[in-house]
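Worksheet: one structure, shown below.
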Amino acid sequence: MTDSAPLDVDLALLGGGGAASLLLAALDRHGVHGLRIAVVDPVRRRGQDRTWAFWGHPDTDLDPLLSASWQQVEVATAARRRVLDLTPLRYAMLRSGPVYDRAAEAERRLNATRLVAPADTVTDDGTRVRVRVGDGRTVRAGWVLDSRPRPPARAGRTTWLQHFRGWWLEADRPVFDPARAVLMDFRTPQPPRGVSFGYVLPVSDSYALVEYTELSPDLLTDAGYDAALAGYRDLLGLDPAGLRLREVENGVIPMTDAPFPARPSPRVVRLGTAGGATRPSTGFTFSAMYRQADQVARALAAGRPPVPRAAYPRRHRWMDAVALRALDRGGVGGPEFFDRLFDRNPAERVLRFLDGGTTPAEEVAIMNSTRLLPMIAATAGDTAHRVRDRLRSPRPAPAVPPAVVGDVLGSEPGADEAGRLT
Ligand SMILES: Cc1cc2nc3c(=O)[nH]c(=O)nc-3n(C[C@H](O)[C@H](O)[C@H](O)COP(=O)(O)OP(=O)(O)OC[C@H]3O[C@@H](n4cnc5c(N)ncnc54)[C@H](O)[C@@H]3O)c2cc1C
């Protein structure tokens with residue numbers, strides 16, 4: 001379909017996934033109702049395509065949408081099992097379905113126009129932005145908020161991936177503790193280069209998301225994820241005969257110190273993973289997306305430009321680059337790194353640090369809890385690498401590969417036709 005008259009709007013949201021959904025909800029919440037808004041995405045997001053786990057203070061907007069939340073979490077290594085009380089924070093699980101539903105409701109209330117087609121070229125002349133849409137239409141917008149996935153501007157000094165597979169397991173008797181989530185369980189076999197951990201997010205005593213995650217440069221095979229998850233299930237002492245596999249969740253998230261420009265041109269703002277909301281050292285993204293959605297909505301409600309603060313302070317991005325380097329070059333072991341952080345700091349401080357919310361004094365305490373020599377070596381290596389990068393032309397960043405998706409549920413290796421694990 002083509003339409004010669006451009007669609008004139010105040011705001012065009014390119015991409016309607018996590019970041020855009022949180023933004024639509026925030027615009028509605030802050031009563032930003034007078035604006036003309038377009039949402040451009042070839043896919044209308046619905047249902048459970050991902051599960052967000054994140055921490056934060058209890059929140060009246062998010063809490064009604066949560067599937068579960070926990071005041072206590074476990075961090076386990078081969079040497080010990082630590083139970084952390086997160087007060088005043090809580091760890092929370094939010095499935096995508098309620099977020100997309102909330103966004104759809106906001107979209108209706110905001111009277112937004114939905115274009116179910118890809119956004120192609122974006123041309124910013126400094127006063128308005130023209131967006132060519134795949135169906136032939138053109139959108140002319142005062143501001144563009146762009147969360148379409150894209151690789152970083154150039155290759156990073158360290159390029160890892162957080163890649164994972166999760167099984168939603170239903171047990172035929174109580175086997176999970178719904179009062180407590182497992183945040184990171186490093187007892188999984190560690191990969192030769194990288195870090196692995198399992199985790200458990202129970203929504204009841206017989207229903208939980210059990211996940212195997214690797215932070216490393218390369219993906220596993222389909223069979224590799226299944227074998228790792230089966231191994232973790234056995235480590236938890238869960239009897240496969242008493243479990244049914246209800247859903248499978250796969251994902252890949254970039255973990256890199258490569259730059260994700262948040263403001264590529266005067267009237268284009270990038271949000272979500274494309275705008276640098278993914279924390280390089282952990283892959284956690286949700287809290288920054290939520291924070292930035294709120295900042296954009298508040299700015300618009302006050303008649304200001306929709307520009308959020310940087311997802312993380314610059315010094316945090318530098319610390320992440322050093323930590324990633326130390327982990328990648330083998331100077332620091334992943335389980336040991338996280339174990340020391342939680343051993344020598346209140347859990348609440350570590351979690352605030354991972355969200356970019358600590359003060360410089362708290363960050364000194366955090367850095368002092370890591371092993372000093374490998375960190376000094378990584379800092380020196382990072383500095384030398386930055387200098388080398390300045391002297392040579394930038395290398396293009398590799399694209400984030402798609403997740404390895406296994407067979408359909410029911411014929412998943414290790415499950416019989418009823419989804420019962422074998
Ligand atoms: C399975 C999974 C689980 C995750 N779990 C967590 C978690 O527990 N905690 C956490 O903090 N983070 C998590 N993340 C990371 C991050 O929070 C999510 O990836 C989040 O959805 C990122 O939001 P986004 O808007 O940047 O990207 P997306 O949600 O991927 O949205 C991008 C949108 O852009 C659209 N698009 C693509 N091309 C075009 C185009 N040309 N034009 C217009 N639109 C386009 C896509 O259709 C999509 O809807 C997870 C990621 C995955 C994949």
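One-based numbering, in listed order, for ligands and for the atoms of each. Predicted model, so just to flag it, every value in this text is computed and none were measured.
The residue from Phe164, Tyr100, Trp55 that puts a heavy atom closest to atom 2 (C) of ligand 1 is Phe164. Taking only non-hydrogen atoms, the option from Leu14, Thr282, Thr285 nearest to atom 16 (C) of ligand 1 is Thr285. The residue from Ala92, Gly17, Pro149 that puts a heavy atom closest to atom 34 (O) of ligand 1 is Pro149.
Less than 4.0 angstrom separates some heavy atom of Gly272 from each of these atoms of ligand 1: 26 (O). The distance from ligand 1 to the heavy atoms of Ala19 drops below 4.0 Å at these ligand atoms: 23 (O), 24 (P), 25 (O). Atom numbering of ligand 1 starts at 1 in the shown order; those under 4.0 Å from a heavy atom of Thr273 are 22 (C), 26 (O). Contact atoms of ligand 1 toward Pro42: 39 (C), 42 (N), 43 (C), 44 (N), 45 (C) (distance under 4.0 Å to a heavy atom of the residue). Using a 4.0 Å cut-off to heavy atoms of Asn250, the atoms of ligand 1 that qualify are 1 (C). The ligand atoms of ligand 1 that sit less than 4.0 angstrom from a heavy atom of Glu249 are 1 (C), 3 (C).
In this structure the side chain of Leu110 reaches within 4.5 angstrom of the side chain of His33, judged on heavy atoms. Contact of the Asp28 side chain with the Arg102 side chain is registered, since non-hydrogen atoms from C-beta on lie closer than 4.5 Å. Counting heavy atoms from C-beta on, the side chains of Ser96 and Trp52 come closer than 4.5 Å. When side chains are defined from C-beta on, Arg349 does not count as touching Leu351, because their heavy atoms never get closer than 4.5 Å.
With sequence neighbours excluded, the residues forming a side chain to side chain donor-acceptor pair (under 3.5 Å) with Thr127 are Asp125, listed by chain and number.
Annotation: Arg109, atom CZ; neighbour count of heavy atoms from other residues, nucleotides and ligands within 6.0 Å does not exceed 12.
The nearest protein atom to atom 40 (C) of ligand 1, hydrogens excluded, is given as Arg148 CD, 3.4 Å; this is a heavy-atom distance. Atom 46 (C) of ligand 1 has Asp41 OD2, 3.5 Å as its closest protein atom, hydrogens excluded (heavy atom only). The shortest contact between atom 8 (O) of ligand 1 and any protein heavy atom is with Ala53 N, 2.7 Å. Looking from atom 23 (O) of ligand 1 to the surrounding protein, the closest heavy atom is Met289 SD, 3.3 Å. Protein heavy atom at the shortest distance from atom 28 (P) of ligand 1 is Gly18 N, 3.9 Å. The protein non-hydrogen atom at the shortest distance from atom 50 (C) of ligand 1 is Ile253 CD1, 3.6 Å. Looking at atom 13 (C) of ligand 1, its nearest protein heavy atom turns out to be Trp52 CD1, 3.6 Å. Nearest to atom 43 (C) of ligand 1 among the protein's heavy atoms is Val40 O, 3.3 Å.
Considering backbone and side-chain N/O atoms, Arg50 comes within less than 3.5 Å of an N/O atom of ligand 1. At a 3.5 angstrom cut-off on N or O pairs, Ser287 does not count as close to ligand 1. Considering backbone and side-chain N/O of Ala119, one or more are found under 3.5 Å from N/O of ligand 1.
Under the side chain to side chain donor-acceptor pair (under 3.5 Å) test applied with Asp320, the options Arg279, Arg315, Arg325 reduce to a single match, Arg279.
A salt bridge does not link Arg132 to Asp120: none of the charged side-chain nitrogens sits closer than 4.0 Å to a carboxylate oxygen.
Residue contacts with ligand 1, taken as heavy atom pairs separated by less than 4.0 Å, do not involve Val252 at all. Contact annotation: for Asp120 versus ligand 1, there are no heavy atoms closer than 4.0 Å.
The aromatic rings of His316 and Phe353 are tilted relative to each other, their planes meeting at an angle between 30° and 60°.
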When you look at Thr158 and Asp328, which way does the side chain to side chain donor-acceptor pair (under 3.5 Å) test go after all the steps? CA-CA 7 Å; Thr158 308; Asp328 182 54; 4.6 Å; no
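Under the 3.5 Å distance criterion, with hydrogens and angles disregarded, no donor-acceptor pair is assigned to the side chains of Asp218 and His163.
Annotation: cation-pi pair Arg267/Trp143 present, NZ/CZ under 6.0 Å from the ring centroid and within 45° of its normal.
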